[in-house]
Trainee: 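What follows is a single structure, and I will ask about it in a moment.
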Amino acid sequence: MEIKDLMIKDAMIMDLQATDKKGAIDEMVQKMYDAGRISDIETYKQGILAREAQTSTGLGDGIAMPHAKNAAVKEATVLFAKSNKGVDYEALDGQPTYLFFMIAAPEGANDTHLQALAALSRLLIDPDFVGKLKTAQTPEEVQGLFQTAEQQKEAEETAEQQEAAPSSSDRKFVVAVTACPTGIAHTYMAEDALKKKAKEMGVDIKVETNGSEGIKNRLTAEDIARADGVIVAADKKVEMDRFDGKELVNRPVSDGIRKTEELINLAISGKAPVFHGDGKDTDAAESNADASVGQRIYKDLMNGVSHMLPFVIGGGIAIALSFMVDQFLGVPQDQLANLGNYNQAASWFNQIGQAAFGFMLPVLAGFIASSIGDRPGLVVGFAAGALANAGGAGFLGALIGGFLAGYVIVFLRKLFKKLPKSLEGIKTILFYPVFGLLITGFLMLLVNVPMKAINDALNGFLTSMSGSNAALLGALLAGMMAADLGGPINKAAYVFGTATLATTVATGGSVVMASVMAGGMVPPLAIFVATRLFKNKFSKTDQDAGLTNIVMGLSFVTEGAIPFAAADPVRAIPSFIIGSALTGGLVGAFGIKLLAPHGGIFVVFLLSHPILYLVFIAIGAVISGVIYGALRKSSEAVEA
């Protein structure tokens, strides 16, 4: 089967109308259904979205290859779509996407189908071919370009095989493995890109692909032994222990497509980290052998935070509801200290919330530790978090405890590495938990002393905060919420806010949390304001997106503003920061307190001054929206 057999004219869109990722996916999936190539829109679309959740299939250089392999696909198909305006597809290079190849593979796709899809991926490495596709006007022209390109590719491969000669002993030799979760597109694009760049650099290379058709061109022990370096460009599990002792560059599969020269240079430089296997087939997508210290710390921290937040949000809102119930039922003046526990109904909510809240710090520390030390780190990390909680060290103590626990397990693994194989089975169930708990426990007794002092001082500062101090802190944290709209800076501000909530529930809530939530609500609402007041500067699609942003903003979903910020960061981000910082500063200055860690307008009655709070958010949204709309150039608008 050839590519032209998969790329039928009925499944082509020569003028894609969508301008954002969601719209593009919806339009292409609908076309796939209309062409009779899939039986169920939702099932196939879920497969596409699941792949996008792992990493964007917007490869950069104006190309995207969304793909899915599931039961909804009736016949293997490649849908070709071309956008004349460009789509904000969250591509890896941050640039608009113009060419789309939506791949649909049946669950039982045979080797013929998969080989054709792999061939498609390899053709898209050629910039001249891509340039011709961008100017194609008809489905027939697109098919003709692929037919010609396939013939040329076959001729080139035949010529290469005929000219192949034994490698010179003075040439560097690299082995590589490429793999992506579905094994259809990125796997083979990375293979071809690495081979092409290696040839240009005068480096010999052998690339093993871990694709849907299985492992092809498998590396032998001899290949690995004589290699000067190893490249693993993979987003899924591959066999890693075979590279023990070799200098290894471990990157996402997208780097194998876009950063080939960098990877090859590092592999042959003699400066790549030496990989040490542990006999457990390490997951390449998670090992990050050559990740920077900062990247590893951030990954470990986010693993803890992402698991902690559901406990904070669920528990925090349950506790907040207990205060609401007591306020509604009434509490005598002399019993206000028991607010949230006075009436039986309120007490139920409080108990549930406190139970969830009680796991907050152990879960944070436990999952930081498990990110570093795998499963043995989980129990030690949980204990470290519990000790931090009991010792008054709070959030900061649990954070340090999680990292301590993780690296204690790393230390123990090295310490016990040379134990007899007969004891291998009890290391995980006996040695790691026992010695890990004891070492980490005694370290936490030392850590808790300074951390408790810092935690008490911080809580004291936050409790006494008022006027200009509260305004400055509120402005800073709210501005951070708008700086990257769900990225590391935003997450740092939000986590800080939730950490203050635990110690302020008894006093009516946290001013810091109120500022953080207000700052996060402003950017989406600002988009709504801008698209209403400056309609001539926004396309019809953008105006529709502006309407959805009012819902996202009121629900405290800051990410609703991301498509606009990605398309125009220079004007959008500063505009958002100004409005959010102003709102956060006003909330802090007036000492508005919030009892809940999330919820937006749906938890407005858990605020000390709900009407004033909403007014401040509206002020920030209008100011941000007006600034963004005024800065945006009319030439950027696309007529509906």
Trainee: For residues Ala227 and Lys246, report the shortest heavy-atom separation together with the two atoms involved.
Mentor: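 It is O-NZ, 2.7 Å.
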Trainee: Angle class for the Phe556/Tyr494 ring planes (parallel below 30°, perpendicular above 60°, tilted otherwise)?
Mentor: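 If you compare the ring of Phe556 with that of Tyr494, the planes turn out tilted.
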Trainee: Between Glu208 and Thr178, do the side chains contain an N or O donor and an N or O acceptor separated by less than 3.5 Å?
Mentor: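 There is no such pair between these side chains.
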Trainee: Which one of Leu79, Thr77, Val78 satisfies the side-chain contact (heavy atoms from CB on, under 4.5 Å) criterion with Arg37?
Mentor: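 Answer to the side-chain contact (heavy atoms from CB on, under 4.5 Å) test with Arg37 among Leu79, Thr77, Val78: Thr77.
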Trainee: Among Lys21, Lys45, Lys22, which one satisfies salt bridge (Lys or Arg N to Asp or Glu O under 4.0 Å) with Glu52?
Mentor: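 Result for salt bridge (Lys or Arg N to Asp or Glu O under 4.0 Å) with Glu52: Lys21.
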Trainee: Please report the C-alpha distance between Phe100 and Tyr89 in whole Å, then the side-chain angles of each, then the deciding distance to 0.1 Å, and finally whether the ring pair (Phe, Tyr, Trp, His ring centres under 6.0 Å) criterion is met.
Mentor: CA-CA 10 Å; Phe100 298 85; Tyr89 201 78; 5.4 Å; yes
Trainee: Is it the case that Gln30 and Asp26 place a side-chain donor and acceptor less than 3.5 Å from each other?
Mentor: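 Their side chains do not contain a donor-acceptor pair, so the 3.5 Å distance test is not met.
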Trainee: Answer whether the closest heavy-atom distance between the side chains of Thr209 and Asn217 falls below 4.5 Å.
Mentor: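 Side-chain contact under 4.5 Å: no.
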Trainee: Using a strict 4.0 Å threshold on nitrogen-to-oxygen distance, state whether Arg218 and Glu239 make a salt bridge.
Mentor: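 Yes, charged N to carboxylate O under 4.0 Å.
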Trainee: Any non-hydrogen side-chain atom of Ile268 less than 4.5 Å from a side-chain atom of Val203?
Mentor: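 In contact.
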Trainee: I'd like to know if the side chain of Thr531 and the backbone of Ile527 have a donor-acceptor N/O pair within less than 3.5 Å.
Mentor: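 Side chain of Thr531 to backbone of Ile527: a pair is present.
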Trainee: Could Arg226 and Phe173 be counted as a cation-pi pair, given that NZ or CZ must be under 6.0 Å from the ring centre and within 45° of the axis?
Mentor: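 Yes, Arg226 and Phe173 form such a contact.
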Trainee: So which atom in Ser624 and which in Ile578 form the shortest heavy-atom distance, rounded to 0.1 Å?
Mentor: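 Reported closest heavy-atom pair: OG-C, 4.4 Å.
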Trainee: Just so I know, are the side chains of Leu547 and Arg532 near enough to count as touching, which here means a heavy-atom distance under 4.5 Å?
Mentor: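 Leu547 vs Arg532: side chains touch.
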Trainee: Within this structure, what is the NZ-NZ distance for the pair Lys134 and Lys82, rounded to the nearest 0.5 Å?
Mentor: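 Output value for this atom pair is 10.5 Å.
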Trainee: Side chains of Gln143 and Met12: does their closest heavy-atom pair fall under 4.5 Å?
Mentor: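 Contact flag for Gln143/Met12 side chains = yes.
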Trainee: Would you confirm whether the ring centroid of Phe146 sits within less than 6.0 angstrom of the ring centroid of Phe80?
Mentor: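 No; Phe146 has its ring centre 6.0 Å or more from that of Phe80.
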Trainee: Taking atom CD1 of Ile264 and atom CG of Asp228, what is their separation to the nearest 0.5 Å?
Mentor: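 Separation between the atoms: 12.5 Å.
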Trainee: Do Arg632 and Phe534 form a cation-pi contact, if we require the NZ or CZ to be under 6.0 Å from the six-membered ring centre and within 45 degrees of the ring's axis?
Mentor: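 No, Arg632 does not sit over the ring of Phe534.
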Trainee: What I'd like to find out is whether the side chain of Val73 reaches to under 4.5 Å of the side chain of Tyr44, using heavy atoms alone.
Mentor: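 Contact flag for Val73/Tyr44 side chains = yes.
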Trainee: Does a side-chain N-to-carboxylate-O contact under 4.0 Å join Arg251 and Glu262?
Mentor: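 Yes, charged N to carboxylate O under 4.0 Å.
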Trainee: Between Phe129 and Leu145, is there a side-chain heavy-atom distance shorter than 4.5 Å?
Mentor: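 A side-chain contact exists here, since the closest heavy-atom pair is under 4.5 Å.
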Trainee: Just verifying a value: how many Å separate Asp40 CG and Tyr33 OH, rounded to the nearest 0.5 Å?
Mentor: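 Those atoms lie 8.0 Å apart.
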Trainee: Salt bridge check: are Glu200 and Lys195 linked by an N-O gap of less than 4.0 Å?
Mentor: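 Between Lys195 and Glu200 there is no salt bridge, as every charged N stays at least 4.0 Å from the carboxylate O atoms.
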Trainee: Measuring from atom OG1 of Thr260 to atom CG of Asn265, what distance do you get when rounded to the nearest 0.5 angstrom?
Mentor: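 Taking OG1 in Thr260 and CG in Asn265, the distance rounds to 9.5 Å.
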Trainee: Are Val174 and Val230 side-chain neighbours, meaning at least one heavy-atom pair lies under 4.5 Å?
Mentor: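 No; the side chains remain at least 4.5 Å from each other.
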Trainee: To the nearest 0.5 angstrom, please state how far the CG atom of Asp255 sits from the CG atom of Leu194.
Mentor: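 Nearest 0.5 Å value for the CG-CG distance: 10.5 Å.
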Trainee: Of Ile48, Ile41, Ile38, which meets side-chain contact (heavy atoms from CB on, under 4.5 Å) against Met32?
Mentor: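 By the side-chain contact (heavy atoms from CB on, under 4.5 Å) criterion, Met32 pairs with just one of Ile48, Ile41, Ile38: Ile38.
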Trainee: What I'd like to find out is whether the side chain of Leu133 reaches to under 4.5 Å of the side chain of Leu99, using heavy atoms alone.
Mentor: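 They are in contact (side-chain heavy atoms under 4.5 Å apart), so the answer is yes.
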